[in-house]
Amino acid sequence: PGLPAFRAVLSHAYASSGDVGRAGALLDADRAGGLTMREDMQWTSAHAAWTNAAVLVGDTATAEVLHARLQPHHGQVVTTFATVQCAVAHYLGMLDHLLGRYDAAERWFDEAMAIHVGMESPLLVACTDAAWSALLADRNRGDDRQRAGAMAARAVAVATAGGYDEIQSDAQAVLDRLS
């Protein structure tokens with residue numbers, strides 16, 4: 001419980017399970033403490049977990065802090081060398097989406113997608129497809145709904161085949177909203 005990276009993961013776990021009250025309380029406490037995290041191999045993982053939690057809770061105050069910290073690292077991939085997650089640009093897209101900066105979010109998702117495609121990672125591509133499709137569904141401008149539907153359908157197919165339940169659920173939620 002004293003390790004900041006695990007507190008960040010715990011806040012994400014609470015938010016993912018629907019316990020936004022506990023997730024929000026942890027985020028508030030961590031933000032009040034400066035979102036303190038040593039600059040080691042867990043730094044990006046902790047910030048990714050805080051991002052996921054902040055987005056699920058709708059915590060814009062934490063989102064602003066995280067965005068400023070993550071932006072200089074946008075071209076990097078979140079990894080502990082034992083795990084690999086999305087590119088930092090993906091998390092910046094999520095944060096800008098939450099903050100209502102839709103066009104900026106799209107630019108970050110585009111950058112993340114290029115990184116994930118270059119990595120040849122269906123999991124990371126599906127993750128970005130799901131998040132980007134949610135952005136497009138919310139922005140709802142021009143051909144956004146069509147693009148959102150195609151991205152979400154792709155994400156559902158890959159997530160179903162790979163057993164990525166959270167991505168499948170997120171992408172299916174977008175398809176449900178669009179129908």
Side-chain angles (χ1 to χ4, degrees), residues 5 8-18 23 41-59 62-63 66-67 69-71 73-99 101-139 144-178:
V9 170
L10 182 59
S11 66
H12 178 210
Y14 282 144
S16 291
S17 72
M41 69 177 136
Q42 295 179 31
W43 190 91
T44 56
S45 292
H47 283 72
W50 277 322
T51 295
N52 286 324
V55 167
L56 289 169
V57 170
D59 183 344
T62 299
L66 293 168
H67 195 285
R69 284 192 184 174
L70 289 171
Q71 191 166 356
H73 310 285
H74 63 92
Q76 296 178 13
V77 173
V78 175
T79 181
T80 62
F81 301 107
T83 63
V84 176
Q85 294 169 274
C86 291
V88 171
H90 173 92
Y91 297 100
L92 288 165
M94 292 174 63
L95 293 167
D96 273 334
H97 181 187
L98 172 63
L99 295 167
R101 301 186 293 230
Y102 294 160
D103 293 341
E106 180 160 36
R107 287 188 298 273
W108 291 124
F109 286 134
D110 187 51
E111 179 179 330
M113 185 62 78
I115 293 168
H116 299 158
V117 167
M119 293 171 65
E120 299 181 17
S121 173
L123 167 63
L124 299 181
V125 167
C127 190
T128 296
D129 266 341
W132 196 349
S133 69
L135 164 73
L136 294 173
D138 285 346
R139 188 174 68 180
D144 283 351
R145 289 179 63 82
Q146 286 178 297
R147 292 175 55 215
M151 286 178 179
R154 254 191 334 259
V156 166
V158 171
T160 300
Y164 313 134
D165 293 341
E166 189 172 354
I167 296 170
Q168 180 182 5
S169 175
D170 291 348
Q172 187 60 55
V174 172
L175 290 174
D176 294 346
R177 283 179 35 211
L178 293 173

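From a predicted model like this one, the values you see are computed outputs, not experimental measurements.
Residues meeting the salt bridge (Lys or Arg N to Asp or Glu O under 4.0 Å) test with D103, sequence neighbours left out: R139, R141. Residues passing the ring-ring contact (aromatic ring centres under 6.0 Å, His included) test with H90 are F109, sequence neighbours excluded. Y102 meets the ring-ring contact (aromatic ring centres under 6.0 Å, His included) test with H97; sequence neighbours excluded.
Atom CG of residue L70 and atom CH2 of residue W50 lie 10.5 Å apart, to the nearest 0.5 angstrom. We find the CG-CG distance between L135 and D144 to be 7.5 Å, quoted to the nearest 0.5 Å. The CG atom of L92 sits 4.5 Å away from atom NE2 of H67, with the distance rounded to the nearest 0.5 Å. A distance of 9.5 Å separates CG of L66 from CG of L99, quoted to the nearest 0.5 Å. Rounded to the nearest 0.5 angstrom, T51 OG1 and Q85 CD are separated by 10.5 Å. Residue L136 holds its CG atom at 5.0 Å from CE of M151, rounded to the nearest 0.5 Å.
Of all the heavy atoms in V57 and A23, the pair that sits closest is CG2-CB, 3.7 Å. Closest approach of A8 to A46, counting heavy atoms only: CB-O, 3.4 Å. R177 and A134 get closest at one heavy-atom pair: NH2-O, 4.0 Å. Nearest heavy atom pair, residue A126 against residue A155, reads O-CB, 3.5 Å. Across all their heavy atoms, A63 and L98 have their closest contact at CB-CD2, 3.7 Å. Looking at every heavy atom in both residues, G149 comes nearest to L178 through N-CD1, 3.5 Å.
Atom CD of Q146 is surrounded by 12 or fewer heavy atoms from other residues, nucleotides or ligands within 6.0 Å. Counting heavy-atom neighbours within 6.0 Å of M119 CE, excluding the residue itself, gives a total above 12.
Put simply, the side chain of E106 reaches to within 4.5 Å of the side chain of R147, judged on heavy atoms. Side-chain atoms of V88 and W108, non-hydrogen and from C-beta on, never get closer than 4.5 Å to each other. For the pair E111/I115, a side-chain contact is recorded, criterion being any heavy-atom separation below 4.5 Å from C-beta on. Taking the side chain as every heavy atom from C-beta outward, W132 and M113 approach each other to under 4.5 Å. Side-chain contact between L95 and R101: absent, with no pair of heavy atoms (C-beta onward) separated by less than 4.5 Å. The shortest distance between side-chain heavy atoms of V9 and H12 does not fall below 4.5 Å. Counting heavy atoms from C-beta on, the side chains of R69 and W43 come closer than 4.5 Å.
Proximity of a side-chain donor or acceptor of T128 to a complementary backbone N or O of V125 within less than 3.5 Å is not detected. No donor-acceptor pair closer than 3.5 Å links the side chain of H116 to the backbone N or O of C86. Judged by distance alone, with hydrogens and angles left aside, the side-chain atoms of T160 form no donor-acceptor pair with the main-chain N or O of A157 at under 3.5 Å. The closest donor-acceptor contact from the side chain of S133 to the backbone of A130 lies under 3.5 Å.
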Side chain to side chain contact (heavy atoms under 4.5 Å, CB included) assessment of H47 paired with Y91 = CA-CA 9 Å; H47 283 72; Y91 297 100; over 6 Å; no
Side chain to side chain contact (heavy atoms under 4.5 Å, CB included) assessment of I167 paired with L123 = CA-CA 9 Å; I167 296 170; L123 167 63; 3.4 Å; yes
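In this structure, D110 does not pair ionically with R107, as no charged nitrogen and carboxylate oxygen lie closer than 4.0 Å.
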